Protein chains: 4
Amino acid sequence: MNTIGVGLIGTGYMGKCHALAWNAVTPVFGDALRPRLVHLAEVSPELAAQKADEFGFAKATGDWRVLIADPDVAVVSITTPNQFHAEMAIAALEAGKHVWCEKPMAVSLADAERMAAAAQRSGTVAALGYNYIQNPAIRQIGALIAEGAIGVVNHVRLEMDEDFMADPAAQFYWKSQASSGYGALDDFGVHPLSLLAVLLGRVERVCATMAKPYPTRPTPEGGQRPVETWDIANVMLEIEGGISGILALNRAAWGRKGRLALQLFGSGGTIVYDQERMNEFSIYRADGSTRTQGFTNVLMGPAHEPYQHFVPAPGHGLGFNDLKVIEAHEVLAAIAGRPARIIDFAGGLQIEQAVHAMARSHHSGEWVTL
Amino acid sequence: MNTIGVGLIGTGYMGKCHALAWNAVTPVFGDALRPRLVHLAEVSPELAAQKADEFGFAKATGDWRVLIADPDVAVVSITTPNQFHAEMAIAALEAGKHVWCEKPMAVSLADAERMAAAAQRSGTVAALGYNYIQNPAIRQIGALIAEGAIGVVNHVRLEMDEDFMADPAAQFYWKSQASSGYGALDDFGVHPLSLLAVLLGRVERVCATMAKPYPTRPTPEGGQRPVETWDIANVMLEIEGGISGILALNRAAWGRKGRLALQLFGSGGTIVYDQERMNEFSIYRADGSTRTQGFTNVLMGPAHEPYQHFVPAPGHGLGFNDLKVIEAHEVLAAIAGRPARIIDFAGGLQIEQAVHAMARSHHSGEWVTL
Amino acid sequence: MNTIGVGLIGTGYMGKCHALAWNAVTPVFGDALRPRLVHLAEVSPELAAQKADEFGFAKATGDWRVLIADPDVAVVSITTPNQFHAEMAIAALEAGKHVWCEKPMAVSLADAERMAAAAQRSGTVAALGYNYIQNPAIRQIGALIAEGAIGVVNHVRLEMDEDFMADPAAQFYWKSQASSGYGALDDFGVHPLSLLAVLLGRVERVCATMAKPYPTRPTPEGGQRPVETWDIANVMLEIEGGISGILALNRAAWGRKGRLALQLFGSGGTIVYDQERMNEFSIYRADGSTRTQGFTNVLMGPAHEPYQHFVPAPGHGLGFNDLKVIEAHEVLAAIAGRPARIIDFAGGLQIEQAVHAMARSHHSGEWVTL
Amino acid sequence: MNTIGVGLIGTGYMGKCHALAWNAVTPVFGDALRPRLVHLAEVSPELAAQKADEFGFAKATGDWRVLIADPDVAVVSITTPNQFHAEMAIAALEAGKHVWCEKPMAVSLADAERMAAAAQRSGTVAALGYNYIQNPAIRQIGALIAEGAIGVVNHVRLEMDEDFMADPAAQFYWKSQASSGYGALDDFGVHPLSLLAVLLGRVERVCATMAKPYPTRPTPEGGQRPVETWDIANVMLEIEGGISGILALNRAAWGRKGRLALQLFGSGGTIVYDQERMNEFSIYRADGSTRTQGFTNVLMGPAHEPYQHFVPAPGHGLGFNDLKVIEAHEVLAAIAGRPARIIDFAGGLQIEQAVHAMARSHHSGEWVTL
């Protein structure tokens with residue numbers, strides 16, 4: 001039995017999610033390579049100590065550089081706000097650590113490029129937290145496409161929508177500022193692009209436009225301030241292999257909570273999926289009698305790798321946090337030198353390049369080739 | 001009780017649909033102005049006679065000009081292939097008849113313009129057969145938008161998909177030829193654009209691209225012939241009032257049979273609709289407790305005008321043909337000088353202009369302003 | 001071309017539905033035997049004249065016996081309140097007419113028996129208006145069962161729910177009185193039983209209980225009056241061939257508008273259906289890879305007889321009134337001596353017997369054998 | 001910070017589920033009382049050692065009595081086959097331990113009674129593993145009912161279906177034997193009854209029937225052997241407060257994987273739920289305009305206690321295993337003396353009494369009062 005020392009930087013939304021995954025991966029999968037929860041870093045020693053206690057980490061620090069310097073830490077989870085990813089990831093890689101960094105990779109393309117270069121130099125595992133690709137439904141969809149179950153894919157539609165920016169009365173805040181990025185495009189776009197990357201391949205050309213549903217937002221002082229980011233983005237895509245596509249993003253979409261919807265059209269059928277019902281997908285195949293053709297709704301079960309490690313009975317359902325457990329398992333597989341389903345920093349850079357090309361297209365009003 | 005003489009040209013898919021509507025409109029609505037089924041024209045006198053008998057028309061002719069010349073005919077249903085619309089409609093209008101012409105208006109923009117001019121000159125009713133706007137669900141959605149039930153609409157997504165061109169083994173035929181038009185863009189695009197027209201307003205700018213899922217198709221002789229039309233079209237829209245949108249069209253979408261899907265996002269809520277389940281729509285409103293917020297699926301019933309004329313009980317369902325009955329009723333209302341929910345030739349021309357602007361954008365790779 | 005003279009008694013909900021069907025059946029089906037709309041009867045000559053005009057009947061009368069005596073009437077639609085069915089149907093049958101009578105057959109079992117006897121004596125067609133059996137989806141489900149698509153059926157669940165009695169503040173009215181029947185049991189139960197009859201066979205044993213959600217209802221005078229009928233009924237069934245089943249009926253089910261839901265379990269699969277989405281059904285078949293097994297949702301189209309007579313394209317949807325057109329077509333087929341999909345008075349009597357057996361079981365608390 | 005020593009007996013389906021819950025409960029909830037994973041028992045020392053290692057337990061034993069005797073163990077998870085529950089639970093209770101025992105409580109009513117008596121004597125926490133009651137959706141439904149959101153509940157329908165016994169070609173095995181219990185009734189019935197217990201109250205009268213879809217099953221020797229259990233059960237219920245209900249159970253229901261469906265009808269609305277889509281429920285309320293009434297589909301989120309401890313964003317989804325984490329948290333709350341949402345042995349005995357009453361009703365053909 002081998003073990004590997006884990007360090008965790010950050011304990012917010014994704015930090016807790018990583019902590020849960022590191023705790024669960026051995027009981028779920030029972031594999032040979034097992035994480036030891038060694039060190040946790042937060043902004044203050046007090047918070048770090050509290051969270052280390054809750055999450056089961058042995059040591060705590062208010063200085064993430066101490067964690068990276070800890071020789072007992074071999075893999076570092078980076079779950080801090082996006083602007084810190086580059087510095088921390090590069091430091092960890094240069095210290096010879098494996099890195100599991102949350103997405104998006106970085107705020108600027110230059111940072112993403114530096115991260116990818118550091119990963120290439122280090123030779124260690126540098127994985128990004130694109131957990132939706134770990135959904136057994138997505139893995140199954142990928143297998144079906146590879147088998148030709150819907151023939152040759154020729155068209156795709158992707159949508160990602162939530163409603164946390166939908167209230168026009170919500171105040172101007174950091175996500176309204178240009179310093180946070182473009183808006184829906186980089187905040188959301190990376191998720192559907194991660195699915196495209198594992199299911200279909202590279203994006204080759206894009207034409208995009210962004211929109212502001214609320215050009216101004218109230219300020220705490222009672223005035224109105226112009227919003228600097230775009231909550232909506234529309235993109236037309238050309239994907240490797242002559243596949244045409246549409247990508248629509250909206251973080252001001254009332255009623256959508258975690259919609260990440262996919263429509264894949266092929267010469268022999270169609271597959272549709274929505275992350276809001278993450279334990280199912282539907283497939284139409286153009287065979288058999290027309291009297292009984294239709295979309296077949298498939299509930300995930302033990303037949304859909306790696307569902308069976310969580311529950312032996314079908315249709316019982318995985319949750320969002322389970323995807324991170326699967327991801328942790330894939331990161332460990334990569335560290336162990338086995339084939340792994342991860343998007344590494346090189347793959348992540350391609351996603352970032354696509355996002356920034358879309359932003360350029362918005363400003364030029366023209367197609368941009370990647 | 002007034003009656004009005006009806007002439008019907010064409011008895012195919014839409015011709016039969018018009019015939020059913022003319023037969024049903026009085027029993028359903030019981031209105032004062034009632035159609036008399038006077039004259040039916042088909043390509044041969046024999047077919048005309050047979051169909052006149054089936055559909056209940058008094059006279060039959062193999063020459064549509066005879067029908068238009070019939071003084072007892074006051075309104076003419078034109079349901080022939082698209083390339084004949086202009087000639088027939090203009091002749092009928094010039095003869096002082098009311099015209100109810102199937103969509104799309106015409107194959108060329110020039111023809112559409114001539115038709116609109118003829119309608120303006122005639123002063124009679126010149127209506128187009130955009131029957132989806134007659135769905136009580138769409139009418140209700142329009143009323144809700146007008147009332148501000150979802151606040152100010154700021155984003156819209158439209159999809160129209162069927163699968164009659166989805167089989168790559170299907171032979172090259174007239175819809176594969178450039179003479180039939182652009183492809184999905186004009187074949188399908190006019191339907192969602194008709195919904196936009198009644199729900200939101202004018203399209204102001206477009207950026208479009210079209211795609212061929214199957215660049216060649218087999219010929220009867222056993223070879224392959226390059227396909228000249230695009231079965232897929234993707235469009236980014238800017239609509240009156242600063243509304244951004246996406247329009248996606250695919251007539252090679254396996255499994256989609258009559259999908260015409262709408263997502264309308266507003267500052268206070270969201271409405272979604274799909275014509276494949278034409279007797280319902282869903283609305284999310286950002287009010288009340290977050291514990292019970294969600295999309296409310298509304299089944300059509302007598303509360304949704306003019307459903308109650310068909311069935312007094314809710315949830316029992318109208319069918320596709322019933323939409324044409326409603327449309328006939330609106331055409332008669334217009335003829336009687338009452339307010340009517342129709343898209344006339346002037347409105348139809350705007351739709352055609354949008355379609356042709358999209359085609360220009362595809363070729364230029366740039367945004368086109370209408 | 002043969003024609004047949006039609007008489008219509010009653011012009012309410014179902015009367016209008018019959019009138020629409022008689023108007024549409026020839027344009028839709030184009031068959032050889034065609035209805036002529038001869039005579040219409042209502043409670044007053046004035047109403048009869050008005051409705052005859054709207055519905056296209058040549059003659060009108062305030063006395064239904066005059067209509068039955070009319071030698072030009074060969075088939076009589078009876079759509080009056082239930083308590084009149086027996087007298088009118090028997091008179092028509094004794095006059096040698098064909099009869100198309102709305103369901104339920106009669107209020108009392110004795111009346112139903114007299115009607116069945118009269119039908120047997122007359123030798124003419126005596127059909128009941130069980131229109132849900134005419135839905136192409138139900139016809140297709142029947143064909144699939146017959147083919148063994150889901151193996152041997154061994155269990156069935158039926159539900160019928162509406163909400164017109166759901167409001168506890170609604171006043172006591174005639175449906176609250178014992179003279180109207182048992183309540184949901186006979187008001188609703190006959191519909192799912194008609195589906196059982198065409199899909200599976202005879203009900204052999206029943207055990208039932210009824211319930212009153214609101215034991216009293218307000219009266220116009222401001223008091224409360226005990227309700228004499230049961231808005232809810234629960235039944236356990238044994239059906240021919242050893243099939244077990246459950247039947248649940250509720251006319252006080254808030255939110256249900258026209259729910260008539262069916263779950264059919266077999267040794268090789270399952271079929272589910274809900275009349276609120278009448279243009280689709282779902283089938284699960286236990287074959288193929290478990291990775292893609294699931295319920296396939298089939299949208300009705302031209303492959304599903306007789307949909308193609310209404311619309312040539314799939315997925316466009318029939319409506320409730322179209323089912324009556326199909327039923328009229330079947331009645332005409334029966335009159336013409338062709339095989340027809342109808343429930344005749346003998347079949348209707350079996351349904352009534354089942355309903356009354358359920359009521360007896362409620363009172364005895366025991367199983368009742370039919 | 002207090003800790004409590006945990007012993008786990010059994011490591012199969014539910015044993016692993018408990019192990020995952022004990023590992024996750026502190027990272028998820030961060031509470032003061034924290035489990036220490038002390039001792040694990042399995043049928044052999046080798047398997048026990050292997051699983052203790054995977055699941056993070058300090059000690060392992062092949063003898064469950066050793067675990068119960070361990071003074072460092074304060075709470076015992078019992079996840080062994082049903083016939084062992086009574087002996088183990090009683091031994092643990094008599095040793096002064098808290099017990100968390102999987103359902104069903106016991107195979108015989110006598111055993112369940114002995115367990116309940118032992119629990120009463122011990123005064124420690126004795127909880128049953130009815131994890132579906134822990135679903136935030138069910139908790140929310142309960143709160144809505146309590147608030148009167150759907151008025152006074154008057155009717156309920158419950159269904160539980162899976163398909164692991166659906167294949168007629170599957171061999172006779174232990175679940176086909178009478179020694180395993182009645183069949184679907186006790187195997188499944190306890191789940192919907194646990195929901196009834198927390199949502200509505202006690203079952204007062206029952207009338208039930210059971211059915212065998214496959215009277216015989218193949219044996220390994222090539223013959224056929226009569227099946228001794230019933231895979232289907234149908235029950236009519238009377239519930240505290242005059243609520244009528246239906247309960248339908250089928251473990252031979254092709255296509256159903258984890259269906260546990262609930263329809264709750266009240267004087268002011270309706271709630272529906274299906275565990276196969278465990279992160280949502282629908283509610284219809286009879287208020288507001290009829291134009292926008294319908295079933296509102298509510299996606300679970302942080303507004304639905306205790307979802308927020310798992311994910312801070314709505315609509316992201318919990319999984320089946322998360323329900324056990326919530327349950328572990330409730331067991332710890334009970335141990336800490338705080339109010340807890342658990343079904344204890346006294347409550348479990350009521351469920352068992354209902355199940356056995358249903359079996360008696362099947363044999364007598366009559367209603368049985370509890």
Side-chain angles (χ1 to χ4, degrees), chain A residues 150-155 157 159 161 163 166-169 205 207-215 230-238 242-248 250 252-257 263 265-272 282-286 293-296 361 364-367, chain B residues 150-155 157 159 161 163 166-169 205 207-215 230-238 242-248 250 252-257 263 265-272 282-286 293-296 361 364-367:
Chain A
I150 59 165
V152 177
V153 174
N154 55 55
H155 183 56
R157 295 190 196 141
E159 295 171 274
D161 302 309
D163 65 2
D167 188 353
R205 280 179 86 225
C207 185
T209 184
M210 302 193 284
K212 295 177 184 177
Y214 314 121
W230 288 267
D231 293 334
I232 293 170
N234 299 322
V235 190
M236 304 190 300
L237 305 164
E238 287 178 18
I243 301 168
S244 72
I246 269 191
L247 169 65
N250 188 356
W254 274 123
R256 303 305 193 189
K257 305 303 181 182
Q263 298 180 66
F265 299 97
S267 59
T270 296
I271 290 175
V272 299
S282 288
I283 181 167
Y284 181 99
R285 284 195 285 195
Q293 279 180 4
F295 279 90
T296 299
S361 170
S364 72
E366 292 180 349
W367 285 84
Chain B
I150 57 165
V152 178
V153 174
N154 55 55
H155 184 56
R157 294 190 197 142
E159 296 170 273
D161 302 309
D163 65 2
D167 187 353
R205 281 179 86 225
C207 186
T209 184
M210 302 194 284
K212 295 177 184 177
Y214 314 119
W230 287 267
D231 294 333
I232 293 170
N234 299 322
V235 190
M236 303 190 300
L237 304 165
E238 286 179 18
I243 301 168
S244 72
I246 269 192
L247 169 64
N250 188 356
W254 275 123
R256 302 305 193 189
K257 304 302 181 183
Q263 297 181 67
F265 299 97
S267 59
T270 297
I271 290 174
V272 299
S282 289
I283 181 168
Y284 181 100
R285 285 195 284 196
Q293 279 180 3
F295 279 91
T296 299
S361 170
S364 72
E366 293 180 348
W367 286 83

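Below, read A as the first sequence line, B as the second, and so on, with proteins coming before strands; counting in each chain starts at 1. We use all heavy atoms of the structure for the numbers below, so side chains are in, but hydrogens, waters and symmetry mates are not. Remember, it's a predicted structure, so these values are computed and weren't measured experimentally.
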Problem set entry | Residue B:N250 versus chain A: region with a heavy atom under 4.5 Å | both

Seminar exercise, completed: Sorted by chain and residue number, the side-chain contact (heavy atoms from CB on, under 4.5 Å) partners of A:A248 (sequence neighbours excluded) come out as A:E159, A:N234, B:R157, B:I246

Exercise. Side chains of B:T209 and A:W367: does their closest heavy-atom pair fall under 4.5 Å?
Worked result: yes

Problem set entry | Top contributor to chain B contacts, counting heavy-atom pairs under 4.5 Å, from A:G294, A:A211, A:C207 | A:C207

For this session: Taking all heavy atoms of B:S267 and all of A:P168, pick out the closest pair and write down the distance.
Result: O-CD, 3.4 Å

Exercise. Picking from A:A252, A:A166, A:G151, A:A208, which has the most non-hydrogen pairs under 4.5 angstrom with chain B?
Worked result: A:A208

Problem set entry | Contacting moiety of B:I283, where chain A heavy atoms sit under 4.5 Å | neither

Exercise. Within a strict 4.5 Å, meaning less than it, do heavy atoms of the B:W254 and A:I150 side chains meet?
Worked result: no

Problem set entry | Atom group of B:V272 that falls short of 4.5 Å from chain A, counting heavy atoms | side chain

For this session: For each of B:A253, B:S282, B:P215, tally heavy-atom pairs with chain A at distances under 4.5 Å, and name the one with the top tally.
Result: B:A253

Exercise. Taking only residues two or more places apart in sequence, or in another chain, which ones meet B:K257 in a salt bridge (charged side-chain N to carboxylate O under 4.0 Å, His left out)?
Worked result: B:D163

Exercise. Can you tell which of A:V152, A:I243, A:D161, A:L237 has the highest number of heavy-atom pairs within less than 4.5 Å of chain B?
Worked result: A:D161

For this session: With a 4.5 Å cut-off on heavy-atom pairs, point out which of A:M210, A:Q293, A:R256 contacts chain B the most.
Result: A:R256

Seminar exercise, completed: OG of A:S244 to NZ of B:K212, rounded to nearest 0.5 Å, is 13.0 Å

